[in-house]
Every structure is written in C-alpha cells, then in structure tokens.
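See structure below.
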Amino acid sequence: MDLLYKKFAIEEYDETGKLSYLGFNAEDGYNFAYDCVDQIAAKDPGKLAMAWVSGDLSEEKMLSFADIRDESMRTANYFCSLGIKKGDTVMLILKRHYTFWHCIVALHRIGAVAVPATNQLLEHDIAYRFGKANIKAVVCTSDGIVSSECEKAFKDSPSVAIKVLVGAKKEGWHDYFGEVQQFSASFPRPTGQAATHKDEPMLMYFTSGTTGYPRLASHAHTYSLGHIFTGRHWHNTNPNGLHFTISDTGWGKSVWGKLYGQWLSESAVFTYDFDRFDAPTILSLIAKYKITTFCAPPTMYRFFIKEDLAAYDLSSLEYACTAGEALNPEVFNKFKEYTGLSIMEGFGQTETTLSLANMVGDVPKPGFMGRPNPQYRLRLVDSEGKDVAPGETGEIVIDISLGKPYGLFLGYVGDEAATKACMHDGLYHTGDTAWKDEDGYYCFVGRTDDLIKSSGYRISPFEVESVIMEMPFVLECAVIGLPDELRGHLVTAVIVLAKGNEASENLKAEIQNYVKTHTAPYKYPRRVEFLEELPKTISGKIKKAELRSMMSNN
C-alpha cells in the first residue's frame, strides 16, 4: 500500500470500511439532510449548491444550500400533510428537474424511503416497480408521457395512495407547485421513534441487469457517507468548484455524482435537464458555466471526440471521470490529445458505491479501472473463493467478514435467495471479473457469464471490443460468444457504424484483419454483423443475452 492509499485509509476509513475521521456525524442517528445540508447552510447560507438549466436552455436557477434546506423542509411538511411517514416508499420520477433534490432531501428528513426511477419507463415497467417496492406515493414530472403511463399502471397497483405531479395540474393528482408553498420552511429534526437510525433503509434503486426482472437494492442512511470517497478522491470535487455528472436521477449514478459525495465535499453541482444527449450542447454548457470537474459514460466521450473540440473553450475543466461501462483506450487517448486531461475511470454497482478507481494523485493506466477504494476490502477470487495471482482472471468480491462497510447495500428487497446468493462465506460477490497487474490496477474482463470459451481459449469480450473501437468508422461494438460445434463458442462482433459508413464484406474483412494484427490472433471475431443500434436496457447497458439470442436466430 503506497503513501496515497495509507493517507486515505488512515484518515478516513478503518479496516471494516467504517468512517473513522471525516468531521461528519456518523453516530446512530446520522441523516444526510440534517448532518450535511443543514450544517453547510448554517455555516454559509449563500453557498452555491446547484446551478440548474432547463432542457430548452431558457431557464436557469442558482440554488444555495439555504435554498435546498428551506425547500426540502417545506416539501417535508407538504409530504407529511399528504400522509407520507417514516418507512413509506416513495417513487421519484423527476428526470433532472431541480425539485428532485428538494424531494429526496425531504424524504431523508422524514425517514421515508426514496425510490428514484427514470421517466423512460412504460406501464408494464412501472407496475412491476410499484408492486415490488410496495410504493405508497409517486412524485412525477409532467414532462413527457410518464404520468399517463403511471395512470395506466395504477389499476394494478393498489399500494399507491398518493400521486403528486410537478409542473402541471391534472385530475387525480396533487399539484406540487400549487400546494407546496402553503407549508412552513421549518421542519425540526424528529426525535424518539420518529428519528432515523443510520442502519435503516433510506434509498432503493432497481438494478439495471441485462437479464430477468430488475432487483430492488436497498441502502441505509450510511450509504451517503460511502460516497465521500466518490466525491473527494475520484471526482476531485472541491468547495470552490462546479461538478457536472451526466445522469438521469432515475439511476444510481445520479446520487454518485449529483448529490452525496459532492455536497459532503461542499462542492456545487451542475444539472442540465435535457431529454436527448447532444454533444455540442453539452460542450457549450461546460464552457459557459465554467465546469471544473466532469463525469460521463464512455459512450458520451466517444461522441465528444468526434466533435471539433478546439471550437469550445474547455479551459475551466480540471478533471474528467467515467463509469458505467468499460472505457476503451482509444477514447482515453483521443480525449487526452484534445484536452490534455486523462479520463479517470471508476467502477461500482447499484449495490455499492465506488469500488475501484483511478484516483486523484494516481497516474491512470488506459484500459484499467484503477485500484480498490480503501473503504472496501476488495479481492479477486477463483470459483473456489481462493485469491488469484496478478495477471489471472478472477471475480471481484468484497470481504464482509468483519461486517458490511458503508456504501454496500443491505440486500435485495423481497428476494432473500438472491441476497444469499451474492453474500455468503464472508464475501459479497459482484459477478464481475477482472485481473490486476503487479501495481494493483484492475482491468475489467466481463460478467462472470460473459467470458467466451473458444477452442480452449478464455477470451475477454472487452479486450476484443477495445481493439475494434480503435477503428474510426466504429461507433459502438459488442462482442459475444455464440454456440459452435467445432470451437465451443464463436467469437462474434456486432457493430454499429458511425454516420457516413456502410456495411460491406470488405469492411468485415478489414475489421477481422485489424483485430488479428492488434491482439492475439485467436481472439479475432470469426463472425461480424452490423446493426443500426444495439439492444440496451433503459439505463444504456447492452443486453448481451438478447443480442446472443438475436444472432443465434439470424
């Protein structure tokens, strides 16, 4: 463990992953609303907490920590008047609207459990989530069709008793803006049985798995503290900066980069409430609002490097990060060539906070996720639970033999079997595989069920994808293994071409030859297919199981 790691581990985390020195109250009654938002608002009421811009760029709001404190207290009083109480589950479908922050902090105050969801959900998706989480109340944006889809789902969702609409009036719904201002901006911290406990559920997110129905991961109040490392030592946020993470509030990544770690670091967040990603607009906003730190999925960086970056003033940008999928080295290298910034990759799950990262002070290695977050006792193990040597592929696990660290989820709601399947023998099994080098940097391989075994070789889809992504005419790529009588599995590349390129047999051969000459020849895709788009979950992850089914039947 080098000096950088020793500093983090000694100053902030003890050996179980519990916070030992942070200046924040981590006692039994810890609550993010009172112990972070209110503390900062009391110390510096006018300090910027959020810069918000509407989707059409016509409106902006600058919200201080005092504004967040007051509006979240007002909203807490409003929610209580509607019948929301401690322990109730409340679904928030608010896109990137600033009221999401008012509402989620209000729910923390009450001790109700927030269940964020994306506005891309349709009736069937919503009904499943209402039932699985036993949702009592839904707070929904009026933008788009989501409120209508909720109404369709209500007939199969008897638990939903309270419906609140943000931005419009609609029969059967409470009008948030029309009603909330009637309530006081004072909400004293609850005491006795109404007070929250640090180990009680605070937040639930549906996982975005690529097979089966989403599971519901439950997090305690200490989850927010688990993100201090995310904000301070990966995003490199600071009290004078403005951090921009691109994420819909329906996904766990939004609270990674738009709430907990940033505000615990007293840094402001930037939020752009857009519907459709547009690289030139995002780049213009970075320039206009002088964003200092930035985080986005690799897909969005791929779009950035295809723009004329010299046309944008990105001089305010001090730090860039990525997560959500593996970062291809070609994207890393081109972005650094244009901006001088290294993209600091990180890794984690809905069930965890940041688990691995190229951290502040590290020299990132392109293609590597980074090194373990000191709050987690991370290991790489084989199928028998034994540690593997550097260079060998193993499953990423978290040692919980001394207890669960802050940031690790409580379990899957209503699915004890699934919880036991991933938490047993003193380990939490992530289901993700990697190998590490002699310096302790981890390189992503894939899901435990994604490895391709062909002609006796074990092939990482990501390694092949990374090589293919170096080719300028490739926009997206997924590599899968398809059953083959001779080889066991056939390495198959499914590719989306960048605009202006057409699929052809010559192009297939060029891709195959490029892979043969840029990595071990046995890894090259013997089958290459082109699609207009890849099947994805609503969180943007490629559905490889569906892709395998499509290609097997084609």
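Count residues from 1 along the sequence.
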Check your understanding: Do R371 and D439 meet the salt-bridge criterion of a basic N to acidic O distance under 4.0 Å?
Key -> no
**Study point:** Flag, side chain of T492 to backbone of L490, donor-acceptor distance under 3.5 Å
**Key:** yes
Practice item. For ring-ring contact (aromatic ring centres under 6.0 Å, His included), just list the numbers for F368 and W435, CA-CA rounded to whole Å, side-chain angles, deciding distance to a tenth of an Å, and then say yes or no. Key: CA-CA 9 Å; F368 285 80; W435 61 272; 5.4 Å; yes
Check your understanding: Where is the tightest heavy-atom contact between R96 and T249, given as atom of each residue plus distance?
Key -> CA-CG2, 4.2 Å
Check your understanding: What class does the angle between the rings of H227 and Y260 fall in, given that below 30° is parallel, 30 to 60° is tilted and above 60° is perpendicular?
Key -> parallel
Check your understanding: When rounded to the nearest 0.5 angstrom, what is the spacing between OG in S401 and CZ in R377?
Key -> 4.5 Å
Exercise for review: Quick one: closest heavy-atom pair of Y128 and P214, and the distance?
Suggested key: OH-O, 2.6 Å
Exercise for review: State whether the side chain of Q375 and the backbone N or O of G226 hold a donor-acceptor pair below 3.5 Å, judged by distance alone.
Suggested key: yes
Point to revise | Side-chain H-bond candidate by donor/acceptor type, T196 with N31, under 3.5 Å | key: yes
Practice item. Report yes if the side chains of I511 and I468 come closer than 4.5 Å at any heavy-atom pair, otherwise no. Key: yes
Point to revise | Validation row: V397, L378 side chains within 4.5 angstrom (heavy atoms) | key: no
Review point. Does A133 offer a backbone N or O that forms a donor-acceptor pair with the side chain of T89 under 3.5 Å?
Key: yes
Practice item. Go through the structure and list residues passing side-chain hydrogen bond (donor to acceptor under 3.5 Å, both in side chains) with Y338, not counting sequence neighbours. Key: none
**Study point:** L242 side chain near V269 side chain, heavy-atom distance below 4.5 Å
**Key:** no
**Study point:** Short side-chain donor-acceptor distance under 3.5 Å, Y30 and S224
**Key:** yes
Check your understanding: With sequence neighbours excluded, what pairs up with A503 under the side chain to side chain contact (heavy atoms under 4.5 Å, CB included) test?
Key -> L497, F530
Exercise for review: Take K334 and E337, measure what salt bridge (Lys or Arg N to Asp or Glu O under 4.0 Å) needs, and give me the verdict at the end.
Suggested key: CA-CA 5 Å; K334 286 191 175 180; E337 176 187 339; over 6 Å; no
Point to revise | Non-hydrogen side-chain atoms of V360 and Y319 separated by less than 4.5 Å | key: yes
Check your understanding: Any donor-acceptor pair under 3.5 Å linking the side chain of E307 with the backbone of F304?
Key -> no
Check your understanding: Do the numbers put K516 on top of the ring of Y524, so that NZ or CZ is under 6.0 Å from the six-membered ring centre and no more than 45° off the axis?
Key -> yes
Check your understanding: Taking C-beta and beyond as the side chain, do N238 and S265 meet within less than 4.5 Å on heavy atoms?
Key -> no
Practice item. Enumerate the residue pairs fulfilling salt bridge (charged side-chain N to carboxylate O under 4.0 Å, His left out) with a member in residues 233-253, sequence neighbours excluded, ordered by first and then second residue. Key: none
Check your understanding: Relative to each other, are the rings of H108 and H221 parallel, tilted or perpendicular (30° and 60° limits)?
Key -> perpendicular
Point to revise | Minimum-distance pair of heavy atoms, taken over all atoms of P390 and E438 | key: CB-OE2, 3.8 Å
Exercise for review: Determine whether Q349 and T207 make a side-chain contact, defined as any pair of heavy atoms from C-beta on separated by less than 4.5 Å.
Suggested key: no
Review point. Using a distance-only test with no angle check, is there a side-chain donor-acceptor pair under 3.5 angstrom linking T293 and H235?
Key: no
Check your understanding: Relative to the ring of Y428, is the ring of F409 parallel (under 30°), tilted (30 to 60°) or perpendicular (over 60°)?
Key -> perpendicular
**Study point:** Backbone N/O of T350 and side chain of W251: donor-acceptor pair under 3.5 Å
**Key:** no
**Study point:** Side chain to side chain, V479 and C477, heavy atoms closer than 4.5 Å
**Key:** yes
Review point. Taking all atoms of both residues into account, what is the closest heavy-atom pair of A217 and E351, and its distance?
Key: CB-CG, 4.3 Å
**Study point:** Nearest non-hydrogen partners of S342 and K336, listed with the distance
**Key:** OG-NZ, 3.3 Å
Practice item. Determine the minimum heavy-atom distance between W256 and T352, stating which atoms define it. Key: CZ2-O, 3.8 Å
Point to revise | T322 side chain reached by Y301 side chain, heavy atoms, under 4.5 Å | key: yes
